[in-house]
Amino acid sequence: MRYPAFPAARPQGSQGGTPRMSTPVRVRFAPSPTGHLHVGGARTALFNWLFARHYRGVFVLRIEDTDLERSQEAYTKAILDGLRWLGLDWDEGPDVGGPHGPYFQSQREDRYRAAIERLLHEGKLYHCFCTAETLEAMRKDQAERKVDIKYDGRCRALDRAEVERRIAAGETFVLRLRRPEREWVEWDDITKGRLSFTSDQLDDLVVVKSDGMPTYNFAVVVDDIDMRITHVIRGEDHISNTPKQILLYRALGAPLPWFAHIPMILGKDRARLSKRHGATSVVEYEKMGYDPEAFRNYLALLGWAPTDHTREILSRDELFAEFTLDRVSSHGAIFDLDKLTWMNAEYIKRFSPATLLAKLRPWLAQIPGFPGGLDEPALVKLAGLYRERLKTYNEILTMADWFFTAPTTYDAKGLEKAAKIGGARGLLNRLLERLRAAPEFAEGPLEALVRSFAEAEGRKFGDVVHLCRLGLSGRTATPGLFEVMAVLGRDRCLARLERFAAVCPT
RNA sequence: GGCCCCAUGGUGUAACCGGCUAACACGCAGCCCUCUCAAGGCUGAGAGCGCGGGUUCGAGUCCCGCUGGGGCUACCA
């Protein structure tokens with residue numbers, strides 16, 4: 001499979017750096033470990049991964065843990081697990097390393113420090129001693145006067161002596177970027193087209209927090225430059241961060257990467273997907289019994305479509321071959337659980353019984369009584385019976401539990417029906433006679449047996465079948481009766497039917 | 001409030017640089033198949049492309065305005 005090189009030059013705007021061209025594609029997914037992998041994040045990761053694989057580039061994973069308060073190590077693992085579950089692999093990142101590590105921002109302080117010193121030296125940063133209270137008051141005042149809410153630059157002009165004095169006095173401070181005035185900040189977004197802002201709309205953004213840690217916007221830029229990121233693919237909620245970051249690229253004298261802001265994933269009310277819309281983290285879908293490949297396939301189609309959009313079931317390699325950013329849509333997409341579920345069922349139907357059994361094992365193991373004496377071939381057969389009935393793996397728990405523990409109660413509606421046909425118990429006992437004598441307990445012969453039995457009895461075939469089904473499973477709906485009987489085997493079938501005959505309507 | 005993004009059936013999308021009775025899938029309804037449940041097959045309802053103006057022989061596709069939805073407005077990422 002050959003993929004084209006990323007189409008190169010874009011018309012370059014008046015300001016800003018020049019994008020690297022025709023160098024190998026390098027993209028990254030940069031989650032912060034403050035929670036589990038969210039479906040929005042998962043799709044961003046997926047698009048980056050697909051983009052990298054399509055162009056035979058490099059996919060980097062970087063952990064953005066500069067928020068000491070909220071970051072937790074356990075979440076880093078959770079996110080990695082989520083990505084692995086989806087089948088994504090990264091070429092550089094935590095646990096695999098790479099030439100541009102470390103891949104945890106908390107371990108890259110020397111990088112930030114070097115950049116800070118340079119910028120400080122060049123007079124591009126300044127110390128700001130404003131406290132949270134001061135800033136809050138300032139914003140409140142601005143809100144009342146209905147003017148733009150942004151930092152008014154009151155610490156911009158502090159002279160060196162005062163700065164040193166206040167630092168010596170132990171005042172805490174942040175470092176802010178001196179924002180240029182009346183400059184265009186523009187870029188050609190791959191998915192949104194040309195986007196432009198002016199520097200006056202921007203703030204003197206904080207680059208270093210009072211705890212000494214770099215802020216998100218600063219760390220991202222330093223790292224993306226260091227890691228030679230060529231394409232920044234992220235959610236469109238980052239659009240407004242982009243001009244700030246571009247200012248940083250300029251201050252650092254670095255070329256701009258390409259930017260591609262992909263639309264958000266929304267809940268039914270068209271607001272960004274959140275917990276109140278239902279499951280939002282990828283592990284929850286795993287627990288609900290979704291297959292990772294189906295989930296990934298569904299996610300890929302959320303905001304993107306292949307050239308031939310009539311094909312929706314796409315393998316990993318087909319996604320690699322097909323995925324390009326120009327086919328990403330520009331508006332948000334509602335996460336549709338029904339369609340995901342449909343797609344999951346499509347995947348299940350495509351598995352061989354043996355494969356499906358392997359996927360089902362963790363769930364089957366939770367069923368009381370499992371394996372209930374069923375041997376491997378019977379289990380494979382059982383998986384085959386549910387291949388076209390399961391929508392999610394966890395459904396096996398409630399659909400097939402009776403295979404492993406004989407029923408003790410029988411569906412009320414089923415009993416009513418059994419009563420209605422009259423003489424059910426006698427019928428069952430006569431059938432039992434025949435079954436005991438059946439030479440072969442296999443699907444075809446069993447069906448032939450029951451058919452001729454029904455005929456001999458002057459009964460409707462269906463009535464006999466329903467009666468047996470109820471006796472074997474306690475239910476009115478199961479896979480085909482004779483397939484079920486073959487899976488259960490003669491002994492279990494006879495035992496269950498005998499037991500049922502004892503309580504069955506006469 | 002300010003700035004920015006977006007707008008094709010209920011949902012996800014398609015419709016190449018303007019030329020169709022607006023297509024595919026999910027979901028929904030009905031029918032068929034059938035031992036039940038599924039699966040499968042067939043048929044159907046559902047948008048005239050948010051609204052209003054332009055441009056054009058011709059606009060879902062281009063332009064303007066409006067409306068609606070969303071995002072951002074932190075020493076969070």
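Residue numbers start from 1 in every chain, and the chains themselves are labelled A, B, ... in the order their sequence lines are given, proteins ahead of strands. The structure displayed is predicted, hence computed values, not measured ones.
- Nearest to the side-chain atoms of A/Gln105 among the listed nucleotides B/G71, B/U13, B/A77 stands B/A77.
- For residues 326-337 of chain A, no residue pair satisfies the salt bridge (charged side-chain N to carboxylate O under 4.0 Å, His left out) rule, not counting sequence neighbours.
- Residue-level contact check: A/Val174 touches the bases, meaning some heavy atom is under 4.0 Å from a base atom.
- Here A/Phe441 pairs with nothing under the ring-ring contact (aromatic ring centres under 6.0 Å, His included) rule; sequence neighbours left out.
- Regarding the sugar-base torsion, B/G65 falls in the anti class, its angle being beyond 90° of 0.
- Remark: A/Pro505 pairs with A/Leu415, A/Ala418, A/Ala419 by the side chain to side chain contact (heavy atoms under 4.5 Å, CB included) rule, at least two apart or across chains.
- For B/C17, the O4'-C1' to base torsion is within 90° of 0; the nucleotide is therefore syn.
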In a table with atom names and distances, give each donor-acceptor pair under 3.5 Å that connects a side chain of residues 346-353 of chain A to protein atoms at least two apart or in another chain.
| unit_1 | atom_1 | unit_2 | atom_2 | d |
| --- | --- | --- | --- | --- |
| A/Glu346 | OE1 | A/Arg350 | NH1 | 2.9 |
| A/Glu346 | OE2 | A/Trp342 | NE1 | 3.4 |
| A/Glu346 | OE2 | A/Lys349 | NZ | 2.8 |
| A/Tyr347 | OH | A/Asn297 | OD1 | 2.6 |
| A/Tyr347 | OH | A/Leu314 | O | 3.3 |
| A/Arg350 | NH1 | A/Glu346 | O | 3.2 |
| A/Ser352 | OG | A/Thr355 | N | 3.1 |
| A/Ser352 | OG | A/Thr355 | OG1 | 2.8 |

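- Nearest nucleotide to the side chain of A/Lys192, out of B/C76, B/U11, B/C6: B/C6.
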Once each nucleotide of nucleotides 35-44 of chain B is scored for protein heavy atoms under 4.0 Å, what B/S/- sequence comes out, 5' to 3'? BBBBSS----

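- When distances run from any side-chain atom of A/His309 to the nucleotides B/G27, B/C75, B/C24, the shortest one goes to B/C24.
- The stretch residues 260-272 of chain A touches RNA chain B through A/Arg270, A/Ala271, A/Arg272, each having a heavy atom under 4.0 angstrom from the strand.
- As rounded to the nearest Å, B/C51 and B/U56 have P atoms that lie 23 Å from one another.
- Taking atom CH2 of residue A/Trp184 and atom P of nucleotide B/C4, one finds them 9 Å apart after rounding to whole Å.
- Among the nucleotides B/C5, B/A14, B/A77, the one closest to any side-chain atom of A/Arg327 is B/A14.
- Checking A/Asn217 against A/Gln245 by side-chain atom types alone, a donor-acceptor pair falls below 3.5 Å.
- Within the 4.0 Å cut-off from OP1 or OP2 of B/A77, not a single side-chain nitrogen or oxygen of A/Arg234 is found.
- With sequence neighbours excluded, the residues that form a ring-ring contact (aromatic ring centres under 6.0 Å, His included) with A/Tyr216 are A/His238.
- With sequence neighbours excluded, the residues forming a ring-ring contact (aromatic ring centres under 6.0 Å, His included) with A/His127 are A/Phe173, listed by chain and number.
- For A/Asn241 against B/A77, a side-chain-to-base donor-acceptor contact under 3.5 Å is present.
- Once the 5.5 Å centre distance and the 30° plane angle are applied, the aromatic ring of A/His238 is found stacked with the base of B/A77.
- Between B/U11 and B/A47, the distance separating the two C1' atoms is 13 Å to the nearest Å.
- For residues 213-223 of chain A, every residue pair satisfying the salt bridge (charged side-chain N to carboxylate O under 4.0 Å, His left out) rule, not counting sequence neighbours, is listed here: A/Arg62-A/Asp223, A/Arg108-A/Asp223.
- Taking the C1' atoms as reference points, B/A25 lies 15 Å from B/G46, given to the whole Å.
- In terms of position on RNA chain B, the residue among A/Thr310 and A/Thr307 whose nearest nucleotide sits closer to the 5' end is A/Thr307.
- Nucleotides B/C26 and B/G60 have their C1' atoms positioned 23 Å apart, rounded to a whole Å.
- Straight-line distance from the NE2 atom of A/His331 to the C1' atom of B/G68: 15 Å, rounded to whole Å.
- The nearest heavy atom of RNA chain B to A/Asp67 and to A/Pro306 marks one nucleotide each, and the one closer to the 5' end goes with A/Pro306.
- Every residue meeting the ring-ring contact (aromatic ring centres under 6.0 Å, His included) condition with A/Tyr285, not counting sequence neighbours, appears here in chain and number order: A/Tyr290, A/Phe295, A/Phe335.
- Comparing B/U8 with B/G50, their C1' atoms are spaced 10 Å from each other, to the whole Å.
- In this structure, a donor-acceptor pair under 3.5 Å is present between the side chains of A/Ser106 and A/Asp65.
- Taking every side-chain heavy atom of A/Leu135 into account, B/C75 is the closest of B/A77, B/C75, B/C24.
- Remark: the separation of the P atoms in B/G30 and B/C49 is 31 Å, to the nearest Å.
- Residue-environment remark: CD (A/Glu136) stays at or below the threshold of 12 foreign heavy atoms within 6.0 Å.
- A salt bridge between A/Asp204 and A/Lys150 is absent, with no side-chain N of the basic residue lying under 4.0 Å from a carboxylate O of the acidic one.
- The same atom, P, is picked in B/G18 and in B/A59; the two are 13 Å apart, to the nearest Å.
- The side-chain hydrogen bond (donor to acceptor under 3.5 Å, both in side chains) pairs that include a residue from residues 467-481 of chain A are A/Asp401-A/Arg475, A/Arg469-A/Thr478, where partners are two or more places apart or lie in different chains.
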Taking only Watson-Crick and G-U wobble pairs with both distances under 3.5 Å, what dot-bracket line describes RNA chain B, where [ ] shows pairs that cross earlier ones and | shows pairs with another strand? (((((((..((((.....[...)))).(((((.......))))).....(((((..]....))))))))))))....

